[in-house]
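Below is one structure, written out as structure tokens; comments come after it.
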Amino acid sequence: MNKKLQFSFIVLAALGNLATPLMARANFNGNLTVEIDGLKNTEGQVCASIFASSQGFPSDRDRVLERQCTKITETSVTITFTNLKAGNYAVAVMHDENNDFTVNRSDIGFPLEGFGFSQNPEIRNRAPKFDEAAVLVAGANTDIKIHLKYL
């Protein structure tokens, strides 16, 4: 019985050592760096909003996990979201040419300013769904590129 008990402790210790790195990875926070290109000019600013779920994606400001805007100085801009828990995220970007923090639209609803989404999904007659734009953040640094579209 004593040998069985000893063996049980050894097995439990080994399993505990295997589980620790997996638990550490699950609690790991990382960065998502977004390179935005395709800007048609350097007027205004670029704003990027990151969402952690489909609720509100891509335009509900109340559901945004974080939003960053930066003045445009070159035809490509980089924005980094830091300290993100491992998981799926989707990013919506706009070229806010007139600095009003809104995607301006035509009378029939088409965007008048540039826009884009993570994974660069094809845009037809609707905004993409969260799953079409989702990016997995699972390491220290995840880099993506979003190419803006103008209609």
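The basis for the numbers below is simple: all heavy atoms, side chains too, and nothing from hydrogens, waters or symmetry mates. One is the number of the first residue; the rest follow in order along the sequence.
For the residue pair R67 and F101, the shortest heavy atom distance occurs at NH2-O, 3.3 Å. Contact record, A138 with A86: CA-CB, 4.5 Å, taken as the closest heavy-atom pair. Shown here for F57 and A90, the closest heavy-atom pair between the two residues is CE1-CB, 3.5 Å. When every heavy atom of L151 is checked against every heavy atom of P111, the shortest pair comes out as CD1-CD, 3.5 Å. Taking all atoms of both residues into account, the shortest heavy-atom contact from S76 to L39 is N-CD1, 4.1 Å. The heavy-atom pair separating M94 from V103 by the smallest distance is SD-CG2, 3.3 Å.
Within the 4.5 Å cutoff, side-chain heavy atoms of E113 are placed close to those of D96. Here the side chains of P128 and I123 are in contact, with some heavy-atom distance below 4.5 Å. Here the side chains of V77 and Q45 are not in contact, with every heavy-atom distance at 4.5 Å or above. The shortest distance between side-chain heavy atoms of H95 and I72 falls below 4.5 Å. Between I36 and I79, some side-chain heavy-atom pair lies under the 4.5 Å cut-off. Taking the side chain as every heavy atom from C-beta outward, Y89 and T142 never approach each other to under 4.5 Å. Side-chain atoms of N31 and F81, non-hydrogen and from C-beta on, never get closer than 4.5 Å to each other.
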*Do L32 and V91 pass the side-chain contact (heavy atoms from CB on, under 4.5 Å) test, and can you show the C-alpha distance, the side-chain angles, and the key distance before you say yes or no?*
CA-CA 10 Å; L32 177 62; V91 180; 3.9 Å; yes
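In this structure, S54 OG and R63 CZ are separated by 9.5 Å, a value rounded to the nearest 0.5 Å. If you take OG on S59 and CZ on R61, they are separated by 9.5 Å, rounding to the nearest 0.5 Å. The structure places CD of Q119 at 9.0 Å from CD1 of I146, a figure rounded to the nearest 0.5 Å. In this structure, CZ on F51 lies 15.0 Å from CG on N88, to the nearest 0.5 angstrom. To the nearest 0.5 Å, the span separating NZ on K129 from CZ on F117 amounts to 14.0 Å. Atom OG of S118 and atom NZ of K145 lie 15.0 Å apart (nearest 0.5 Å).
In terms of modelled atom types and a separation under 3.5 Å, the side chain of N120 and the main chain of H147 share a donor-acceptor contact.
Tracing side-chain contacts under 4.5 Å through hydrophobic residues (I, L, V, M, F, W, Y), one reaches F115 starting from V64; they form part of the same cluster. No continuous path of ILVMFWY side-chain contacts below 4.5 Å connects V135 to F130, so the two sit in separate hydrophobic clusters.
Heavy-atom contacts from other residues, nucleotides or ligands closer than 6.0 Å to CZ of R126 number more than 12.
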